[in-house]
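Down below is the structure, laid out as structure tokens.
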Amino acid sequence: MLQWAALGITAPSVLAACGSSTGSASGSSSGSSLGSIAIQLSWIKNIEFAGEFFATTKGYYTAAGFSAVNLIAGGSAGTSAESAVASGKAFVGLSSPGATGPAILQGAPLKTVATTYQKNPFAILSISTKKPIAAPKDMVGKKIGVQQGTNQVLFKALLTANGVSASDVTIVPVQYDPTVLATGEVDGYMAYITNEPILIKSKGYETTTFLFADYGLPLVSETYVVLQDSIDNDRAKVKALLKAEIQGWTDAVASPAQSANLAVNNFGKGDGLNLTEQTAEATAQNGLIVSSDTKKNGLFTMTDALIAENIEALGKVGVKVTAKQLFDLSLLAEVYQENPSLKA
């Protein structure tokens, strides 16, 4: 999952939620012309990166011209996508506007060229039979579990965006374990909509949730971040990667069960992933990846309206970056122009 931290600077950070590992995803071909690259993931190798798993196993990276693609797992203490890309450790990193924006304002020559999720998955989770929280106003007078550090910045931005005073909510520092809801230590818990609600339901509880994206913070996430130099001087390479990624994610969206199998039994083997939970999470994340706009324009795309909403949302957390500074979706547009069948 994503972290709003970049290049070691103090910046808003988003919730992380599920383990960590590293490893290689490769495919070779005698006709390979683009060499090998690394992709810095934002979290462990779970279903959040199913598209990369399919691109590997079905040979899309190889067909694009890459001799090897190394998928570098992230984690709560791992290297940020911004640091990995800026340092040359990775050709592309998966991140969020809340991490990349501050890095750019600090001078990092980065751009976001595509997004996996049209809506960020951050949510407030509660147990329906205890003290259900269905909207920001319902948090008043409640104890809300929020992970310590910069994650609290995003939560406070949610309060600000919805006119809720911080003094009206009790913020309880918690770890990445939602069982504090079941024990009654908190009434609400900052969660990933595709993760912790499923875990709590597996324990026999009915849940109530609301998305940050539906209440003033419509940030995209799992965005593809590259160097400006790559756009200027390695444009064909970036476009080849985007094509392979779109092919991989098209397969992942079509088959949540196979996505989960690849995560549990192959790429994330050893991370303690549960097949049933990963299948449910893969199914749930499709609702964040596919929208009426992506059905029309293709996966990874952003409308002008969505870009504007992201810039406005960043402003609410003090990140005064412009759309021109943060985004360059021209490469993605070229990929679809040159490969119209990708929209099918």
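Small disclaimer: the values here were computed from a predicted structure and weren't measured. Numbers here simply count residues along the sequence, with the first being 1.
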(message) Starting from L331, can I reach F66 by hopping between I/L/V/M/F/W/Y residues whose side chains sit under 4.5 Å apart?
(response) yes

(request) State plainly whether one hydrophobic cluster holds both I198 and I47, where clusters connect Ile, Leu, Val, Met, Phe, Trp and Tyr through side-chain heavy atoms under 4.5 angstrom apart. (result) no

(request) For the pair N120 (side chain) and F122 (backbone), establish whether a donor and an acceptor sit closer than 3.5 Å, ignoring hydrogens and angles. (result) yes

(message) For N162, give me all partners under side-chain hydrogen bond (donor to acceptor under 3.5 Å, both in side chains), at least two apart in sequence or on another chain.
(response) none

(message) Does K131, at its NZ atom, have more than 12 non-hydrogen atoms belonging to other residues, nucleotides or ligands within less than 6.0 Å?
(response) no

(request) Could you tell me which residues satisfy ring pair (Phe, Tyr, Trp, His ring centres under 6.0 Å) with Y215, sequence neighbours excluded, listed by chain and number? (result) F210

(request) Evaluate side-chain contact (heavy atoms from CB on, under 4.5 Å) for L105 paired with Q325, printing each intermediate quantity in order. (result) CA-CA 9 Å; L105 294 178; Q325 288 175 303; 4.3 Å; yes

(message) Could you check whether K45 makes a cation-pi contact with F53, meaning its NZ or CZ is under 6.0 Å from the centre of the six-membered ring and within 45° of the ring axis?
(response) no

(request) Answer whether the closest heavy-atom distance between the side chains of I246 and Y336 falls below 4.5 Å. (result) yes

(request) Quick one: list whatever passes side-chain hydrogen bond (donor to acceptor under 3.5 Å, both in side chains) with Q337, sequence neighbours left out. (result) none

(message) Same cluster or not: F267 versus Y60, using hydrophobic residues (I, L, V, M, F, W, Y) connected whenever any side-chain heavy atoms lie under 4.5 Å apart?
(response) no

(message) Are L181 and V186 packed together at the side-chain level, in the sense that at least one heavy-atom pair is separated by less than 4.5 angstrom?
(response) yes

(request) Take L342 and T250 through the side-chain contact (heavy atoms from CB on, under 4.5 Å) test and state the conclusion after the steps. (result) CA-CA 8 Å; L342 290 176; T250 297; over 6 Å; no

(message) I'd like to know if the side chain of D328 reaches the main chain of V113, judged simply by a donor and an acceptor atom lying under 3.5 Å from each other, with no hydrogens or angles considered.
(response) no

(request) Please name the pair of heavy atoms, one in A244 and one in A64, separated by the smallest distance, quoted to 0.1 Å. (result) CB-CB, 4.3 Å

(request) Decide whether V335 and L299 are clustered together by the hydrophobic rule: side chain heavy atoms of Ile, Leu, Val, Met, Phe, Trp, Tyr closer than 4.5 Å, transitively. (result) yes

(request) Hey, could you give me the CD1/CG distance between I200 and L125, rounded to the nearest 0.5 Å? (result) 6.0 Å

(request) For residues L241 and V92, report the shortest heavy-atom separation together with the two atoms involved. (result) CD2-CG1, 3.5 Å

Identify each donor-acceptor pair in which a side-chain atom of residues 303-313 lies under 3.5 Å from a protein atom, sequence neighbours left out, and give them as a table.
from : atom 1 : to   : atom 2 : distance (Å)
T303 : OG1    : L306 : N      : 3.1
N310 : OD1    : V220 : N      : 2.9
N310 : ND2    : P218 : O      : 3.2
N310 : ND2    : L306 : O      : 2.9

(message) Can you tell me how far apart CD (E281) and CG (L273) are? Round to the nearest 0.5 Å.
(response) 8.5 Å

(message) Is there a side-chain contact between T57 and N266 in this structure, where contact means two heavy atoms from C-beta onward sitting under 4.5 Å apart?
(response) yes

(request) Kindly say whether E222 contributes a backbone atom to a donor-acceptor pair with the side chain of T116 at under 3.5 angstrom? (result) yes

(message) Counting neighbours of CD on Q175 that are heavy atoms of other residues, nucleotides or ligands and sit closer than 6.0 Å, is the number greater than 12?
(response) no

(request) For L288 and T194, work out which heavy atoms get closest and say how close. (result) CD1-CG2, 3.8 Å

(message) Testing the basics here: between S259 and A282, what is the closest heavy-atom pair and its distance to 0.1 Å?
(response) CB-CB, 4.2 Å

(message) For the backbone of S221 and the side chain of T115, can you confirm whether one donor and one acceptor N or O come within less than 3.5 Å of each other?
(response) yes

(request) Just jot down the salt bridge (Lys or Arg N to Asp or Glu O under 4.0 Å) partners of K237, sequence neighbours excluded, or say none. (result) none

(message) Less than 4.5 Å apart, side chain to side chain, heavy atoms only: is that true for W249 and E52?
(response) yes

(message) Would you say that Q278 contacts N46 through its side chain, given a criterion of any heavy-atom pair below 4.5 Å between the two side chains?
(response) yes

(message) Using the salt bridge (Lys or Arg N to Asp or Glu O under 4.0 Å) criterion, which residues pair with E334? Sequence neighbours excluded.
(response) R235, K239

Under 3.5 Å, side-chain donor or acceptor atoms of residues 165-173 against the rest of the protein: list the pairs with distances, not counting sequence neighbours.
from : atom 1 : to   : atom 2 : distance (Å)
S165 : OG     : S167 : N      : 3.2
S165 : OG     : S167 : OG     : 2.8

(message) Counting C-beta onward and ignoring hydrogens, is there a side-chain heavy-atom pair between T223 and P97 closer than 4.5 Å?
(response) yes

(request) Ignoring hydrogens and angles, tell me if any N or O in the side chain of S126 forms a donor-acceptor pair with the backbone of I133 under 3.5 Å. (result) yes

(message) Under a 3.5 Å distance rule, please check whether S80 uses its side chain to pair with a backbone N or O of S83 as donor and acceptor.
(response) yes

(request) Can you tell me which residue pairs pass the side chain to side chain donor-acceptor pair (under 3.5 Å) test with a partner in residues 283-301, sequence neighbours excluded? (result) Y117-Q285

(request) Just jot down the salt bridge (Lys or Arg N to Asp or Glu O under 4.0 Å) partners of K89, sequence neighbours excluded, or say none. (result) none

(message) With rounding to the nearest 0.5 angstrom, report the OG1 to CZ distance, T100 to F327.
(response) 8.5 Å

(request) State which residues pass side-chain hydrogen bond (donor to acceptor under 3.5 Å, both in side chains) with K58; sequence neighbours excluded, sorted by chain then number. (result) D251

(request) Go through the side-chain N and O atoms of T129 and E206 and say whether any donor and acceptor fall under 3.5 Å apart. (result) no

(request) Say whether M190 and L159 are linked into one hydrophobic cluster, either directly or through other cluster members, by side-chain heavy-atom distances under 4.5 angstrom. (result) yes

(request) Heavy atoms only: give me the nearest K142-D138 pair and the separation to one decimal. (result) NZ-O, 3.0 Å

(request) Compute whether any side-chain donor of one residue and acceptor of the other, for S128 and T208, lie under 3.5 angstrom apart. (result) yes

(message) I need the minimum non-hydrogen distance between L329 and M302, along with the two atoms involved.
(response) CD1-CB, 3.6 Å

(request) Ignoring hydrogens and angles, state whether a donor on the side chain of Q247 or Y61 is under 3.5 Å from an acceptor on the partner side chain. (result) no

(request) Would you indicate whether the side-chain heavy atoms of Q40 and L94 approach each other to under 4.5 Å? (result) no

(request) Could you check if a side-chain atom of I72 sits within less than 4.5 angstrom of a side-chain atom of L41, using non-hydrogen atoms only? (result) no

(request) Not counting sequence neighbours, list each pair that qualifies as a ring-ring contact (aromatic ring centres under 6.0 Å, His included) and has a residue in residues 220-243. (result) Y224-F300

(message) Could you work out, with side-chain hydrogen bond (donor to acceptor under 3.5 Å, both in side chains) as the rule, every residue matching N339, not counting sequence neighbours?
(response) K243

